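Working notes for the structure below.
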Amino acid sequence: MLLVHTLRDDRQRVLEGLRKRGIDAAIMVDRVVTLDDKRKELQTSNDTLLAERNTLSTEIGTLFKSGRKNEANALRERVNEIKGAVAGAEDELRATLEELETTLLQLPNVPYHLVPAGSSAEDNEVYQDYPGELPALGPDAKPHWELAETYGIFSLELGVRTTGSGFPVFTGQGARLQRALVNFFLDRNTAAGYTEYAPPLLVNEDTARGTGQLPDKEGQMYYITEDDLYLIPTAEVPLTNLYRGELLDADQLPIQLTGYTPCFRREAGSYGAHVRGLNRVHQFDKVEIVQLARPEESYAKLDEMVAHVGGLLDALELPYRILRLCGGDMGFTAAMTYDFEVWSAAQQRWLEVSSVSNFETFQSNRLKLRYRAEQGNELVHTLNGSALALPRIIAALLENKQTEQGILLPEVLHSYVGKDRLDPVG
RNA sequence: GGAGGAAUGGCAGAGUGGUUUAAUGCACCGGUCUUGAAAACCGACGUGUCGAAAGGCACCGGGGGUUCGAAUCCCUCUUCCUCCGCCA
């Protein structure tokens, strides 16, 4: 959620920024400022009434003590009048606050100045292209869903039996590969200074609201009505919310967290060729990195995170490129996002495997996550990124590493998987 | 799931209807003293909000209520502790 004073003081920058998302926000921004003016006015007059009430109540107490009942009763009448006025003012204030918040919630984050304008994925900027020729596979190269059968990696049919479509069951060496990748990622992340957490997979409403999943992406999350809990769509949600409501000391920053969790996404209405195999599923594993940073450092931290994720893909020997998302393709809450895409030679397309974003104060405002800065208490900047999401990495490994001798695993995985290649089964 | 107890500032811990602008201690910060440090002493010391400022208002787990007035009384929810039950 954007800050009112940003809309007020930085109106021009906000409007220009939101234009990169293809949004003309002038009316809404002005509406917010008007509502906030009204809020101040109501609050001031209400506070004045309360101040009078407090003074009179103290006087009444004094009068009663000295036995001057008549005078006290006269004052009580006046206080009762005030009470009525206060009740009315508070109702109006509450209604104004509600409308203010509703309006504010409709505004997405303001893109950072480096974010290119644009309306769709077409307008994303290639920030770092794959150096050299993309690896070409033979004409008989197979997509991962076919390889999965040959090599016994996962089964969608078994998932249908136990659950439904979009719930892959990893089997044998596929399950082992999954576990190997999780461990590899966590080891690399902790070595880079991220502290490992194993958070709950179900979160309450406040938590879902803190990182912006509510009210924006309500339909995307699985919801347990019986207990009023949401299944997490990403570890970002519980990890960032670990610090909800905190007032940190400046020397605690930056805070670096990592965690492995399954992720649950309803992905309603997604069918077709682009979602075959592991391309889009309802449950998948992901290792996430999160940073809480001082505002002046957050973009340096974003660069660090991008370099770190790039290092993971380098180690896995996968061909990838980095995109800087345009305004129209960025998520609602992000100020700047880099996407990592791995080339799938067999599918002849790029697959998104990681998304690394700076949210600036958009999340911390909701989270009330602040730190003691020299010039006073300030909201921290929150950042996160996938490091990495498993299914598409597995898909990319299968497709890019397929040879007549089997799937040749990158060296860094040998000790984790316990062998240097995957062989066909059956 | 049942019975009982509890929730107060960074921490500990007073406070059961009216100068509570929440005592006191510890921690932290500034200062005096000291070659330096410790000790001692002095001072400052929560968050949000309105205001140029002075100052006002709100906040004692969350929400609601009683009252002229609520940390204090009532209702409700949540969490924690003790005991019982169930259980990987």
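These numbers were taken from a predicted model, which means no experiment stands behind them.
- Counted by atom type alone, A/Asp228 and A/Tyr223 present one or more donor-acceptor pairs between their side chains at under 3.5 Å.
- Under the Watson-Crick or G-U wobble criterion, with both distances below 3.5 Å, B/U47 is paired with B/A58.
- B/G18 and B/C74 are spaced 16 Å apart, taking the P atom of each and rounding to whole Å.
- At a threshold of 4.0 Å, the pair A/Asp123-A/Lys20 does not count as salt-bridged, since none of the basic side-chain nitrogens sits closer than that to a carboxylate oxygen.
- In summary, A/Lys301 and A/Glu304 engage in a salt bridge, as defined by a charged side-chain N under 4.0 Å from a carboxylate O.
- Annotation: B/U72 and B/G15 have their P atoms spaced 15 Å apart (nearest Å).
- A/Asn46 comes within 4.0 angstrom of nothing in the nucleic acid, heavy atoms only.
- Using a 4.0 Å cut-off between charged nitrogen and carboxylate oxygen, A/Arg39 and A/Glu99 do not count as a salt-bridge pair.
- Across all strands shown, B/U82 forms a Watson-Crick or G-U wobble pair with B/A3, both key distances being under 3.5 Å.
- Here the separation of B/C33 from B/G69, taken at their C1' atoms, is 49 Å to the nearest Å.
- A gap of 16 Å separates the C1' atoms of B/C26 and B/A39, to the nearest Å.
- B/G63 and B/A70: their C1' atoms are spaced 16 Å apart (whole Å).
- When both pairing distances are held under 3.5 Å, B/C68 makes a Watson-Crick or G-U pair with B/G18.
- Along RNA chain B, the nucleotide nearest A/Asn377 and the nucleotide nearest A/Asp36 are compared for position; the residue whose nucleotide lies closer to the 5' end is A/Asn377.
- Pair assignment for B/U32 gives B/A40, based on Watson-Crick or G-U wobble hydrogen-bonding distances that are each under 3.5 Å.
- Note that the first and last nucleotides of RNA chain B, 5' to 3', having any atom under 4.0 angstrom from a heavy atom of chain A are B/G18 to B/G69.
- Comparing B/A71 with B/G13, their C1' atoms are spaced 14 Å from each other, to the whole Å.
- Going from the P atom of B/G51 to that of B/G62 covers 26 Å, rounded to whole Å.
- Counting any heavy atom pair closer than 4.0 Å across all strands shown, A/Leu50 reaches sugar-phosphate atoms only and no base atom.
- When heavy atoms are screened at a 4.0 angstrom cut-off, A/Leu247 is found touching the sugar-phosphate backbone but no base atom.
- Nucleotides of RNA chain B nearest to A/Arg53 and A/Leu56 differ in position, and the one nearer the 5' end is that of A/Arg53.
- Taking a cutoff of 4.0 Å between a charged side-chain nitrogen and a carboxylate oxygen, A/Lys40 and A/Asp37 do not qualify as a salt bridge.
- In this structure, A/Asn54 reaches the sugar-phosphate backbone alone: every heavy-atom distance under 4.0 Å involves primed, P, OP1 or OP2 atoms, never a base.
- In A/Glu41, the CD atom is not crowded: 12 or fewer heavy atoms of neighbouring residues, nucleotides or ligands sit closer than 6.0 Å.
- Relative ring orientation between A/Phe154 and A/Phe170 is described as tilted, the plane-to-plane angle lying within the 30° to 60° band.
- Ionic pairing of A/Arg78 and A/Glu81 is present here: one or more N-O contacts between side-chain nitrogen and carboxylate oxygen are shorter than 4.0 angstrom.
- The base-pairing partner of B/U24, taking Watson-Crick or G-U wobble contacts with both distances under 3.5 Å, is B/A12.
- Nucleotides B/A44 and B/G31 are separated by 15 Å at their P atoms, to the nearest Å.
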